[in-house]
Amino acid sequence: MDAIFGNLRNTVIVGFLLAGLVFLLYLQITGYDATTFWLFFMRWLHVISGIMWIGLLWYFNFVQTPTMPKIPAELKGGVSKYIAPEVLFWFRWSAMSTFVFGIGLAAMNGYLVEAYTLDYTEQFAVPKNIAIGIGMWLATIMWFNVWFIIWPNQKKVLNIGNAYANLPQPERDAAAKLAGRASRINTMLSVPMLFCMVGAAHLFA
């Protein structure tokens with residue numbers, strides 16, 4: 001048991017193997033249809049990535065940021081030097097994979113352009129597709145915030161790669177405020193974004 005649960009890599013590998021067993025069961029019951037499978041597989045990767053992205057976003061906003069002022073000064077370095085950079089790695093790349101898999105999924109389903117243009121033509125004037133389009137725009141704004149506001153400014157705040165060791169404190173403080181504001185905006189947008197994405201399948205369908 002320790003070989004599995006004592007190593008995160010092994011834990012994740014076993015998780016995927018178990019998913020593979022469920023897939024084999026699916027094949028036994030329904031058979032293989034390439035179109036159905038690849039649409040599902042893209043959606044599955046999109047959902048897994050999204051869970052990690054939003055989970056880490058909420059970790060920052062509900063756990064780390066509110067707790068930092070309570071941590072003794074001599075212990076804060078453990079968070080800023082070790083935990084936060086690692087979280088930011090998974091945070092930004094899960095945002096990227098969520099975005100890429102979502103674009104791929106929309107393209108495979110044939111509504112990518114209509115979703116981004118919120119096209120109200122007769123073909124696209126379907127409530128669930130409009131909900132997906134709104135959700136995609138909200139998610140795109142959130143992705144942009146991660147890669148072009150939060151990450152560049154957090155690199156300054158945390159001096160990642162020792163590239164900002166001589167950055168004046170006022171500039172570091174301004175970067176922290178901007179990154180924090182963008183993170184809060186993403187937390188706000190995540191609520192209607194998830195409402196649209198889940199509602200497209202279960203409310204507007």
Side-chain angles (χ1 to χ4, degrees), residues 12 15-16 19 22-23 26 35-68 84 87-154 176-205:
V12 173
F16 277 92
V22 176
F23 175 62
Y26 162 80
T35 301
T36 300
F37 170 74
W38 287 111
L39 278 172
F40 165 78
F41 188 67
M42 185 69 73
R43 180 173 283 109
W44 182 55
L45 294 175
H46 177 60
V47 169
I48 288 178
S49 300
I51 288 171
M52 176 170 279
W53 178 20
I54 302 304
L56 292 175
L57 171 68
W58 288 356
Y59 159 77
F60 275 126
N61 283 273
F62 288 97
V63 180
Q64 181 173 303
T65 300
T67 305
M68 282 298 288
V87 175
L88 282 167
F89 172 85
W90 293 103
F91 175 66
R92 69 182 187 274
W93 285 111
S94 60
M96 180 64 77
S97 59
T98 303
F99 179 73
V100 170
F101 290 134
I103 294 295
L105 183 62
M108 291 172 69
N109 278 302
Y111 57 70
L112 176 61
V113 175
E114 289 85 351
Y116 269 127
T117 58
L118 294 178
D119 189 352
Y120 283 85
T121 62
E122 183 177 350
Q123 179 182 1
F124 190 66
V126 178
K128 70 174 185 177
N129 290 344
I130 295 172
I132 289 174
I134 295 172
M136 286 175 64
W137 266 112
L138 293 174
T140 301
I141 294 169
M142 293 169 62
W143 166 83
F144 181 91
N145 284 344
V146 169
W147 276 93
F148 298 101
I149 299 178
I150 296 173
W151 171 235
N153 283 282
Q154 284 288 10
K177 183 176 181 179
L178 184 56
R181 182 63 54 86
S183 184
R184 286 295 168 85
I185 289 172
N186 275 10
T187 300
M188 176 186 70
L189 295 180
S190 70
V191 178
M193 183 274 292
L194 290 171
F195 181 88
C196 288
M197 294 303 190
V198 176
H202 301 284
L203 180 64
F204 299 101

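Residue numbers start at 1 and run along the sequence shown.
Take V47 and apply the side chain to side chain contact (heavy atoms under 4.5 Å, CB included) test, not counting sequence neighbours, and it matches R43, I51. Residues meeting the side chain to side chain contact (heavy atoms under 4.5 Å, CB included) test with V12, sequence neighbours left out: L8, F16.
Interatomic distance, CE of M188 versus CE of M193, reported as 12.5 Å (0.5 Å rounding). Taking CD of Q154 as the reference point, atom CZ of F60 lies at 6.5 Å (rounded to 0.5 Å). Once rounded to the nearest 0.5 Å, the distance linking CG of L45 with CZ of F40 reads 9.0 Å. Remark: L57 CG to F62 CZ distance equals 8.5 Å, nearest 0.5 Å. Rounding to the nearest 0.5 Å places NE2 of H46 at 11.0 Å from CZ of F99.
Two residues are said to be in side-chain contact when any heavy atoms from C-beta on lie closer than 4.5 Å; R92 and I150 fail this criterion. Between W53 and V146, the closest side-chain pair of non-hydrogen atoms falls below 4.5 Å. Looking at F204 and I130, their side chains never come closer than 4.5 Å, going by heavy atoms from C-beta outward. Considering only heavy atoms from C-beta on, R181 comes within 4.5 Å of K177 through its side chain.
Shortest non-hydrogen contact noted between C196 and I134 is SG-CG2, 3.8 Å. Across G104 and M42, no two heavy atoms sit closer than the pair C-CG, 4.2 Å. Closest non-hydrogen pair, A179 versus N153, comes out as CB-CB, 3.9 Å. Taking all atoms of both residues into account, the shortest heavy-atom contact from K128 to A200 is CB-O, 3.2 Å. Taking every heavy atom of both residues into account, A115 and M136 meet most closely at CB-SD, 3.6 Å.
Within the structure, the side-chain hydrogen bond (donor to acceptor under 3.5 Å, both in side chains) test picks out the following pairs touching residues 136-146 (sequence neighbours left out): Y116-T140, N145-N186.
Classified by interplanar angle (parallel below 30°, tilted 30° to 60°, perpendicular above 60°), the ring pair Y26/F23 is parallel.
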**OP:** For side chain to side chain contact (heavy atoms under 4.5 Å, CB included), just list the numbers for L112 and I103, CA-CA rounded to whole Å, side-chain angles, deciding distance to a tenth of an Å, and then say yes or no.
**Re:** CA-CA 7 Å; L112 176 61; I103 294 295; 3.9 Å; yes

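With hydrogens and angles ignored, the 3.5 Å screen pairs a side-chain donor or acceptor of S97 with a backbone N or O of W93. In this structure a side-chain-to-backbone donor-acceptor pair under 3.5 Å is missing from S183 to G180.
More than 12 heavy atoms of other residues, nucleotides or ligands shown are found within 6.0 angstrom of CH2 on W147.
For the side chain to side chain contact (heavy atoms under 4.5 Å, CB included) test with S49, the passing option among T98, V100, I54 is T98; the others fail.
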